[in-house]
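So the structure is just underneath, and the comments pick up after that.
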Number of protein chains: 2
Amino acid sequence: LSLFSNTYLMHLRTLIVALLLWGYLSTCSAPPPAAAEVPDGPPNIIIIFADDQGYGDVGVYGSTRIHTPNLDRMAMEGLKLTNFYAFPSCSPSRAALLTGAYPPRVGIPDVIGPEGPDWTSNKQYGINAVETTLPEMLKRAGYATGMIGKWHLGHFPETMPLRHGFDQFFGLPYSNDMHPGNNPLWPDLPLLDGEDTVALNPDQRELTSRYTQRAIEFLEEHQDTSFFLYLAHSMPHVPLFTSQDFQDRSGYGTYTDVIEEIDASVGQIFATLDQLGLDDNTIVLYTSDNGPWLTYGNHAGSAGPFREGKGTTYEGGMRVPFLARWPAGIPAGGVNHAPASLTDVLPTMAALTGAPLPKRAIDGRDLSLLLRENQAPASSPFYYYRSGNLDAVRLERWKLHIPHNFRYVDQVANDGNRGSYAYRYSELELYDLYGDPGEVYNVAEEFPEKVAELRALAESFHADMQREKREPFRPAR
Amino acid sequence: LSLFSNTYLMHLRTLIVALLLWGYLSTCSAPPPAAAEVPDGPPNIIIIFADDQGYGDVGVYGSTRIHTPNLDRMAMEGLKLTNFYAFPSCSPSRAALLTGAYPPRVGIPDVIGPEGPDWTSNKQYGINAVETTLPEMLKRAGYATGMIGKWHLGHFPETMPLRHGFDQFFGLPYSNDMHPGNNPLWPDLPLLDGEDTVALNPDQRELTSRYTQRAIEFLEEHQDTSFFLYLAHSMPHVPLFTSQDFQDRSGYGTYTDVIEEIDASVGQIFATLDQLGLDDNTIVLYTSDNGPWLTYGNHAGSAGPFREGKGTTYEGGMRVPFLARWPAGIPAGGVNHAPASLTDVLPTMAALTGAPLPKRAIDGRDLSLLLRENQAPASSPFYYYRSGNLDAVRLERWKLHIPHNFRYVDQVANDGNRGSYAYRYSELELYDLYGDPGEVYNVAEEFPEKVAELRALAESFHADMQREKREPFRPAR
């Protein structure tokens, strides 16, 4: 026992002190190393997709009025991209996200609208049956797949989510403004569970919270299998609604209330992942389908430093926030300025999960090294498609707008008419997006060889696209 | 010994495993609680002041090309303000910071320029000898005070830093563009140590690194006493320079290189605080003296979502980044949208240190609760002074521009001339900064009573100011 109380206990005490010190220093040190355990199996995937949220409408993207602690935390603990592109409107962006292709390639050139006596009376088009979507790709790799929210890739029966790889669907077939209250020629807006209508013209104040509740249930149900959850919020697309808890809460208008409810929803998703022990090996992506509405009022978002907003191929129309968090695979606190787009999501998820790529041209690139090591990909052009037309092309710092047609051009920004567009015949416009992210200084005359290079790239790519693209799907009836 | 190898060692093993587990869990948990120890004595204060850095030129303020991991870390671990104001140009902002007053009140209405055969030939004005500055206030409370960088509050001998509360000074008397290379009528630009000239027209590539080295030495020398360090970088004011390590490093132009060198300097300051054990009880503030130059090219900054830049009273001219970090006193990860300004720094530091306020009207407010508890102050008007004139007033969401004179108005933003201003006679302009932070939609006609309210506020305040303000100081010679 003397041995105990002397030499041995001294060593023991030293050991304990050392361990305590180590624990303390670990606590106080910089962000902890990413992966604590080797995660078990392929990562789970959650894509949270906002509708019409602008680049400037997130705390860490410089919002001057919106508080987004959960999105900010995603940035702190994951990767933030500053040069990430969607397309200028809803359906094309969703097509790009779910197919890895430019929208015209898969026959979704433009927004799909409602028509006829009821919502199934689609006379426009929808996603092709032959398409292999992100959920189909992941389903083949053994993933459970669920979609909650806004679909907007066609509302023929053949084009709905359950026919394109999702095991579950709860949400709207298209945008929340497409209802008779907005246009008496439009049919009642259905809220769907699977393929059953559970409500017509549902109370939109509950959309975000109902989506979130369903998302949590999906996570709880699938905690023991690999899963892919696509949570495509209807908000902040107009008309804007929040639940009672968030109504007028921010003091900064309805748009701010709406984003703060979505941010809180993100927080609930993370809390659920944490409770279920799934946090470490779940990839969560957050982005938006296009830039914001800019009209003055409570429903206006912010394109941050960029020119214009939704519907245009100026940066404000297509540059959106992109956050990726995955404790097991993405180092904390990364920022990257490399151009990337919605088309890159599918090939990147294929690489990270080992799922085989669809057998069709994929425009996107595997950006798994960007996610895992903050390593910018080799430079490659990005093509700004709008309504099936190629409006502009970007290579590294240079962006060329190409006149192919009449198109929207901002009127004088100072006359209070920014929300109402004027048509004019556009000119070639070359912008240096490093020195001039706001697209103010057209330098086409100063750099004719750069104009020629980009124009040749664009014409060659678009000619190929015209030849190779799939026709929009319309079933024979 | 059998006792050793069985029961006792089992307990020991359990203990070690528990401690390892605890250490491990500590490592993996969320950011550690703020204060580990109760800090000893009043907080140290470091104010890092950038020159002409725009709102959009920090990662967490939405930069699309600049990587600022150290400033981002300040935001993560401290408080970020999104509605913080400087004044439109150098000298007035420095006056507001060091006196807590609107610039005209203390006789510094506008930028002070160089003249005459050498730098001491000031024919303009400087800070009054009777003024009690922030360093004087803190010196009386027992602080060691040091200033490194750009002064720009007058270059009569009576107006230099050592005569206004700083124990040490190393830097330039005014802006780095004020040298004969820019204007042959200007005298050689001196680099001063105390009141001794150590170089004329110094190599500006070394300014940021020399300032940083001096700052580190100041911290090392004063680690055993309370200190106030004012590090007023000359950059990113044009002409832009970086040290060799940062030249062309970012790939995004010189302006980006320059900000990234300043960010690295911030990192060195924090590393030094950490090494010296001063990190916990040192308040570090980071902000800028006005918005960015917007001319196209390598030296252009970004005003983020705001209209216009340096020299104007549109938000882009005066809204700047503001970060505050103080582990012992500021909760991590706070964001606040309440309006605040450089005038608030002095009264806030008085409250946090217990130093008595100067005996003179202080325009700023004590924002210590904003820092310590992220608690927005009661609303109060903010007055946009430019060149001694009151150009605009803000109360909560509303901002009124008041026509008192011809003033700079942006030409058409789309014609490539954003850098060259046009004069026009301005009108009353009312903007809703919550719904329209970019000041696009003049709603003066829609809200005549708000116009009247704000105009009355402004006229009353400005009339008082005209009566009470100190005349610019010019020594009798």
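From a predicted model like this one, the values you see are computed outputs, not experimental measurements. Numbered from 1 within each chain, the chains take letters A, B, ... in sequence-line order.
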**OP:** For B:Y255 and B:D57, test the side chains for any donor-to-acceptor distance below 3.5 angstrom and give the result as yes or no.
**Re:** yes

**OP:** Side chain from CB out, backbone as N, CA, C, O: work out which of these in A:R319 comes under 4.5 Å of a heavy atom of chain B, or both, or neither.
**Re:** side chain

Subject >> B:R307/B:Y431 under side-chain hydrogen bond (donor to acceptor under 3.5 Å, both in side chains): CA gap, chis, key distance, verdict >> reply: CA-CA 12 Å; B:R307 181 168 167 182; B:Y431 296 108; 3.2 Å; yes

Original post:
Most heavy-atom pairs under 4.5 angstrom with chain A, which of B:T64, B:T82, B:V60?
Top reply: B:T64

Subject >> B:E429/B:K399 salt bridge by N-O under 4.0 Å criterion >> reply: no

Original post:
Side chain, backbone, both or neither: which part of B:S63 has a non-hydrogen atom closer than 4.5 Å to chain A?
Top reply: backbone

Subject >> Portion of A:V443 that has a non-hydrogen atom of chain B nearer than 4.5 angstrom >> reply: side chain

Original post:
Looking at the rings of B:W398 and B:F447, which for Trp means the six-membered one, are their centres under 6.0 Å apart?
Top reply: yes

**OP:** Would you mind telling me which of A:A75, A:G304, A:P69 has the largest number of heavy-atom pairs within less than 4.5 Å of chain B?
**Re:** A:G304

Subject >> Per-residue contact mode, A:I66 against chain B (heavy atom under 4.5 angstrom) >> reply: backbone

Subject >> Pairing of B:D279 and B:R325 as salt bridge, 4.0 angstrom limit >> reply: yes

Original post:
Which of parallel (below 30°), tilted (30 to 60°) and perpendicular (above 60°) describes B:H337 and A:H67?
Top reply: perpendicular

Subject >> Partner chain B: residue of A:G333, A:G334, A:P437, A:P305 with the largest heavy-atom pair count (under 4.5 Å) >> reply: A:P305

Subject >> Part of B:S302 within contact of chain A (heavy atom distance under 4.5 Å) >> reply: side chain

